[in-house]
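Below you'll find the structure, written out as structure tokens, and then a few comments.
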Amino acid sequence: MSELTQNEYREQRLVNMRALEDMGYKPFGHAFKRSGRLAEIREEFVEEKEVTAAGRLTTVRDMGKSIFADIRDGSDRFQIYVQKKALDEEAFAAFKLLDVGDHIGVAGALFTTRTGEPTLKISKWDLLSKSLLPLPEKWHGLKDVEARYRQRYLDLISNPDVRELFDKRIAAIKETRSFLEARGFSEVETPMLQSQAGGAAARPFVTHYSALDQEMYMRIAPELYLKRLLVGGFDKVFELNRSFRNEGLSRTHNPEFTMLEIYEAYTDLSGMKDIIEGLITHLAENVFGGLVVGEGDDAIDFNLPWREVTYRDLIIERMGDDWYDLSFEDASARAEKEGLSLDPAWGMMMVTHEVYEKLIEKTLHQPTFVTRFPAELVPLAGTCDDDASVVDVFELVIGGKEVAPAYKELNNPLVQRERLDNQAGEDAEKVDYDFLTALEHGMPPAGGMGIGIDRLIMTLAGVDAIRDVILFPQLRQKTSAE
RNA sequence: GGGCCGUUAGCUCAGUAGGUAGAGCAGUACACUUUUAAUGUACGGGUCGACGGUUCGAUCCCGUCACGGCCUACCA
């Protein structure tokens with residue numbers, strides 16, 4: 001079937017490869033000293049200058065005694081000109097045996113064609129690596145979404161906008177690190193392999209550590225270890241790395257994802273707010289091209305200040321001034337009238353929260369800090385000074401998605417123990433008692449924040465699928481693999 | 001996990017109210033010394049996702065499966 005015809009391409013390329021070998025070329029050759037990457041050669045273009053360059057052959061325009069072709073490296077594309085009389089006969093004949101996709105090294109002089117294209121007229125060339133399989137079509141690129149994710153290398157070669165988006169992701173992560181380091185934060189690494197998966201409520205990936213003969217979990221969040229570091233005297237730390245959650249795949253969920261968590265001692269939410277506002281506007285301006293992302297009604301405006309509103313006010317705004325005075329039955333009826341299906345086990349708080357998650361959050365398109373969540377929902381946060389039923393937190397929502405929750409961290413070990421015990425219920429093994437012990441030694445008051453980096457990049461880049469910002473997103477394994 | 005949709009040449013896509021399929025790019029051959037989606041002429045290339053069923057006959061209809069997409073559910 002498809003392998004058969006694909007083999008015809010491969011067979012032909014093997015024939016070409018052997019012919020080149022017979023002429024003394026090494027098909028999977030060697031290092032090649034280049035004057036610079038193609039972008040540098042373009043930048044430092046001087047008429048007549050002798051340079052060497054290397055890249056992958058991407059298009060060939062053969063006119064008999066004269067060939068124009070493009071080569072590409074990780075930085076740019078560049079046109080080369082192969083003129084029959086400019087190199088020896090055998091080298092010219094050998095060049096015609098090349099296939100699109102081959103890596104070559106070339107030497108020659110720069111010039112400008114009559115159409116104004118900077119070009120390298122080659123006097124020598126060498127084969128650096130043979131490509132045995134054809135690349136996707138040059139004009140339409142690779143469209144098949146499955147192939148794009150499974151063979152991302154082809155996607156990167158043939159779809160320049162994909163490469164550009166990943167370059168932006170790389171730049172955003174680099175800028176995030178320098179932004180935080182410039183403000184005195186230290187980047188740390190804490191365990192991804194944990195004996196207890198704490199810091200969030202998600203199903204973990206389970207594995208087994210043979211040496212200790214014990215179950216281990218891939219972390220679902222770094223939070224509890226970062227707080228141990230607060231106890232240990234690291235008062236400004238962050239970790240920017242992967243967490244893992246054994247939950248469903250969707251347009252906005254990948255089982256491994258990149259999270260940034262930041263903790264600063266002796267500060268509170270206002271400190272976290274300054275950081276997130278500064279960081280996001282910095283990234284928008286310096287990496288993604290400006291403070292307004294997208295167009296028309298979808299545009300997101302990152303100009304400060306951002307809206308700040310309490311959870312309670314949002315609920316009232318959506319469900320009516322009297323919501324919090326309603327009986328449970330009346331509230332449930334009103335929620336169901338809005339199209340929500342309610343779990344009979346829920347109480348008033350969960351019904352209200354369902355209203356927030358299903359009816360309100362997705363409508364918060366512009367950057368919005370939602371504050372003062374019910375305390376039961378956020379067991380690791382400290383309560384507000386004026387009202388112990390709500391916690392001193394914000395969730396930054398952008399484009400209808402939760403991008404960054406921040407807490408005044410709970411540092412009262414007695415309250416923390418009670419809340420974790422309550423949450424774990426009968427499943428007491430789930431409580432990380434080592435963490436509670438650390439708190440008892442005294443954790444400074446602190447603000448903390450978690451930022452889903454993949455989602456932040458989606459938001460800033462204006463893409464709506466998480467797999468478009470992850471190089472190798474998770475897919476089901478193909479059983480027919482060779 | 002549930003619902004709906006998709007899978008045709010290496011790539012991008014047409015198509016057949018059931019009679020084993022076409023185009024462009026790519027490939028092969030020839031021509032061509034300034035092209036850039038080079039051009040011109042000719043040629044080759046397909047188990048129409050897999051397996052069953054219905055039928056004289058299935059890429060097309062039906063069923064199962066695989067993979068993917070969208071929606072939905074789980075992820076404080």
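Both backbone and side-chain heavy atoms feed into the values below; hydrogens, waters and symmetry mates do not. Naming: A, B, ... by sequence-line order, numbering from 1 per chain. These numbers were taken from a predicted model, which means no experiment stands behind them.
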Side-chain contact check for A:V145: nearest option of B:G68, B:C74, B:G27 is B:G68
Discussion item. Please tell me if A:R467 has a side-chain N or O lying less than 4.0 Å from either OP1 or OP2 of B:G68.
Written reply: no
Below 4.0 Å: OP1/OP2 of B:U28 and any side-chain N or O of A:Q12
yes
The Watson-Crick or G-U wobble partner of B:G18, with both key distances under 3.5 Å, is none
From OH of A:Y311 across to C1' of B:A76 the rounded distance in Å is 10 Å
In whole angstroms, the gap separating C1' of B:C25 from CG of A:L142 amounts to 14 Å
Separation of B:A26 atom C1' from A:N16 atom CG, nearest Å, is 14 Å
- Query: Do A:R455 and A:F257 touch side chain to side chain, with heavy atoms closer than 4.5 Å?
  - Reply: no
note: A:L57, atom CG; B:G27, atom C1'; distance rounded to Å ~ 15 Å
(Q) Taking only side-chain N and O atoms of A:R203, does any of them lie within less than 4.0 angstrom of OP1 or OP2 on B:C75? (A) no
For B:C48, the nucleotide meeting Watson-Crick or G-U wobble distances (both under 3.5 Å) is none
**Message:** I want to check one thing: is the phosphate of B:U72, taken as OP1 and OP2, less than 4.0 Å away from some side-chain N or O of A:R251?
**Reply:** no
Separation of B:U34 atom P from A:F68 atom CZ, nearest Å, is 7 Å
Atom CZ of A:R13 and atom P of B:G45 are separated, to the nearest Å, by 20 Å
Side chain of A:Q83, base of B:U33: donor and acceptor closer than 3.5 Å?
yes
Classify the ring geometry of A:Y356 against A:Y311: parallel below 30°, tilted from 30° to 60°, perpendicular beyond 60°. tilted
Here the distance between atom C1' of B:A76 and atom CE of A:M259, to the nearest Å, is 13 Å
For B:A37, the nucleotide meeting Watson-Crick or G-U wobble distances (both under 3.5 Å) is none
Problem set entry | A:N254 (side chain) donor-acceptor with A:R467 (main chain) under 3.5 angstrom | no
Quiz prompt | Side-chain N or O of A:R245 closer than 4.0 Å to phosphate OP1/OP2 of B:A76 | solution = yes
When the C1' atoms of B:A31 and B:G68 are compared, how many Å lie between them, rounded to an integer?
45 Å
Please confirm whether any donor atom in the side chain of A:Q79 sits under 3.5 Å from an acceptor in the base of B:U35, or the reverse.
-> yes
Of B:C67, B:A76, B:U35, the nucleotide closest to the side chain of A:T113 is B:U35
Paired to B:A42 by Watson-Crick or G-U wobble criteria (both distances under 3.5 Å) is B:U28
For nucleotides 37-44 of chain B, 5' to 3', base contacts (B), sugar-phosphate-only contacts (S) and non-contacts (-) with protein non-hydrogen atoms under 4.0 Å give BB------
Here the distance between atom C1' of B:A76 and atom CH2 of A:W346, to the nearest Å, is 13 Å
Taking a pair to mean Watson-Crick or G-U wobble geometry with both distances below 3.5 Å, B:G1 pairs with B:U72
Review point. Relative to each other, are the rings of A:Y81 and A:F111 parallel, tilted or perpendicular (30° and 60° limits)?
Key: tilted
ask   = When you check the gap from the basic side-chain N to the acidic O, do A:E317 and A:R307 get nearer than 4.0 Å?
value = yes
